[in-house]
Amino acid sequence: MTSTRPSSADKKSAESAPAAALHVGTSDPRTLIMNNLRQSGIFVALVVIVALFAFLTDGLSLSPGNITNIVLQYSYILVLAIGMVIVIIGGHIDLSVGSVVALTGAVSAVVVIRQGQPWWVGVLAALAVGLAVGAWHGFWVAYVGIPAFIVTLAGMLLFRGLTLRVLDNISLSPFPAEYNRIAAGFLNGLIGGDGYDAFTLLIGGIAVAGYVVSCFRTRAARVRYQQPVESFALFVARMALVGAVVMWFAWQLAHARGLPIVLIILAALVLVYGLLTRRTVFGRQVYAIGGNLSAAMLSGVKVRTVNFWIFVNMGFLSAVAGIIFSSRSNGAQPAAGNMFELDAIAAAFIGGAAVTGGVGTVVGAMVGGLIMAVMSNGMQLMGVDQSLQSVVKGLVLLVAVAFDVYNKRRAGASR
């Protein structure tokens with residue numbers, strides 16, 4: 001009887017296969033791009049939009065000062081987009097975030113400006129209000145069973161009214177310098193630099209190194225499980241391109257005012273929530289609920305608990321955005337946060353989130369938010385009328401959702 005045990009040569013070949021695949025690649029680049037069209041398309045769109053406005057503004061949109069302004073002006077929308085994409089992945093929507101931004105900023109202003117408390121007490125008060133608002137929404141959605149659209153629509157009206165009551169229909173300003181530094185401060189000159197901030201370049205280099213290590217680990221894991229990856233040459237080219245873009249961005253910031261503090265806050269949130277959605281049980285359960293609610297329930301997912309914490313998290317991030325916006329504005333206004341929810345929703349959908357839930361990434365939401373930011377900033381530099389800016393944003397959102405529908409139909413037809 002012939003033995004079926006593998007020979008030592010076969011074992012050696014099997015063990016070396018992953019290492020070989022790591023350098024050779026297991027799939028055609030064009031196939032990889034087409035299979036990941038939802039995510040690759042938004043990166044291409046971002047590059048095209050940046051290049052277009054750089055041409056239309058004669059390079060002004062890429063100047064160091066303007067790039068810094070984009071970071072400062074749109075950071076709170078990007079913070080909201082992180083929470084909103086998680087809400088959308090779970091199959092919900094939140095229409096109240098603009099009102100919550102206004103309310104948390106108002107509470108912080110009352111505590112710090114009107115009552116004279118230290119700046120950090122105002123920050124804690126705003127975060128506490130945001131968590132309470134999130135728990136309020138989570139209770140009605142998760143445990144009472146009212147659709148999130150209705151609950152947050154009611155919240156939009158409720159918390160806007162509370163903002164007016166808290167502020168007595170007047171604006172409060174200014175904040176102390178320490179509070180103002182949250183969104184308008186910079187780290188500059190910590191380790192020197194001749195005409196530029198060396199610390200900003202160092203942070204950029206650390207970010208690139210972390211990205212390279214993460215890419216190698218992800219690629220090795222995909223090869224180990226025999227999943228398709230791009231050729232090694234394309235893999236290196238992609239890392240080099242991303243690294244060059246990041247270092248160019250850091251170089252521009254270093255030649256302006258240095259590293260914005262709010263950018264550090266945003267980067268930390270992206271890192272934490274990227275890991276939360278991709279590497280934790282909670283993140284996988286959010287995807288499961290949004291992708292197939294019945295299957296998630298049958299597999300033992302505590303749907304009510306997960307839904308509750310989805311909205312608590314959204315309330316927390318709305319408070320963070322409220323702190324950043326009030327710090328940036330150096331005060332609190334009754335009309336603060338108007339239409340912020342639509343910008344956050346647009347960022348999530350443009351970034352690849354699916355209307356029906358179960359699909360989306362934090363990075364994609366960030367790219368979607370950057371597309372909106374670059375478009376808004378570019379049109380402002382060109383002096384485009386505000387009404388026309390709204391038309392363009394609406395058309396971009398419509399195209400993004402149409403692209404999502406097209407992807408679903410294409411995937412269904414290929415089965």
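Distance check, rounded to the nearest 0.5 Å: CD of Gln389 to CE of Met372 gives 10.5 Å. Within the model, atoms CE of Met314 and CH2 of Trp309 stand 15.5 Å from one another, a figure rounded to the nearest 0.5 Å. Here Ser214 contributes atom OG and Arg219 contributes atom CZ; the two are 13.5 Å apart, rounded to the nearest 0.5 Å. Atoms CG and CD1, from Leu276 and Ile86 in turn, are 6.0 Å apart once rounded to the nearest 0.5 Å. Note that CZ of Phe186 is 5.5 Å distant from OG1 of Thr68, once rounded to the nearest 0.5 Å. Atoms OG1 and CG, from Thr163 and Asn169 in turn, are 10.5 Å apart once rounded to the nearest 0.5 Å.
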Which pairs of donor and acceptor atoms, one on a side chain in residues 244-269, lie under 3.5 Å apart (sequence neighbours left out)?
from   : atom 1 : to     : atom 2 : distance (Å)
Gln252 : NE2    : Leu62  : O      : 2.7
His255 : ND1    : Trp251 : O      : 2.9
Arg257 : NH2    : Asn69  : OD1    : 3.3

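The list of ring pair (Phe, Tyr, Trp, His ring centres under 6.0 Å) pairs with a residue in residues 355-382, not counting sequence neighbours, is empty. Counting only residues at least two apart or on different chains, the side-chain hydrogen bond (donor to acceptor under 3.5 Å, both in side chains) pairs with a member in residues 80-93 are His92-Asn307. Pairs passing the side-chain hydrogen bond (donor to acceptor under 3.5 Å, both in side chains) check and including a residue from residues 117-140, sequence neighbours excluded, do not occur. Applying the salt bridge (charged side-chain N to carboxylate O under 4.0 Å, His left out) definition to pairs two or more places apart or across chains, those involving residues 104-118 are Arg114-Asp168. The side-chain hydrogen bond (donor to acceptor under 3.5 Å, both in side chains) contacts involving residues 268-293 comprise Tyr273-Asn313, where partners must be two or more places apart or lie in separate chains. For residues 99-112, the set of pairs meeting the side-chain hydrogen bond (donor to acceptor under 3.5 Å, both in side chains) definition, not counting sequence neighbours, comprises Ser108-Tyr179.
Shown here for Leu167 and Pro334, the closest heavy-atom pair between the two residues is CD1-N, 3.6 Å. In plain terms, the two heavy atoms of Ser318 and Val100 that are nearest each other are CB-CG1, 3.6 Å. Of all non-hydrogen atoms in Gly331 and Ser173, the two that sit nearest each other are CA-CB, 3.9 Å. Nearest heavy-atom pair across Arg160 and Ala102 is NH1-CB, 3.4 Å. Between Val166 and Val107 the shortest heavy-atom distance is CG1-N, 4.3 Å.
Partners of Tyr76 by ring-ring contact (aromatic ring centres under 6.0 Å, His included), not counting sequence neighbours, listed by chain and number: Phe325, Phe340. Not counting sequence neighbours, the partners of Ser387 by the side chain to side chain donor-acceptor pair (under 3.5 Å) test are Asp385. Residues passing the salt bridge (Lys or Arg N to Asp or Glu O under 4.0 Å) test with Arg165, sequence neighbours excluded: none. Listed by chain and number, the residues in a salt bridge (Lys or Arg N to Asp or Glu O under 4.0 Å) with Arg304 amount to none (sequence neighbours excluded). With sequence neighbours excluded, the residues that form a ring-ring contact (aromatic ring centres under 6.0 Å, His included) with Phe308 are Tyr143.
Residues Ile203 and Thr200 are not in side-chain contact: their nearest non-hydrogen atoms beyond the backbone lie 4.5 Å or more apart. Ile289 places a side-chain heavy atom less than 4.5 Å from the side chain of Val301. Residues Met379 and Val392 form a side-chain contact, since some pair of their non-hydrogen atoms from C-beta on lies under 4.5 Å apart. Side-chain contact between Ile89 and Val359 is absent, with no heavy atoms from C-beta onward closer than 4.5 Å. No side-chain heavy atom of Val374 sits under 4.5 Å from any side-chain heavy atom of Tyr74. Ile88 has its side chain within reach of Phe349: a pair of non-hydrogen atoms, C-beta onward, lies under 4.5 Å apart.
Side chain of Glu341 to main chain of Gly98: a donor-acceptor pair is present (N/O by atom type, distance under 3.5 Å, no hydrogens or angles).
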Pair Gln380-Val384, side chain to side chain contact (heavy atoms under 4.5 Å, CB included): steps then yes or no: CA-CA 6 Å; Gln380 289 171 8; Val384 176; over 6 Å; no
So Ser376 and Gln73, side chain to side chain contact (heavy atoms under 4.5 Å, CB included) or not? Walk me through it. CA-CA 10 Å; Ser376 298; Gln73 291 175 4; over 6 Å; no
Candidate pair Val97 and Asp94, rule side chain to side chain contact (heavy atoms under 4.5 Å, CB included), full reasoning: CA-CA 7 Å; Val97 294; Asp94 193 334; 3.8 Å; yes
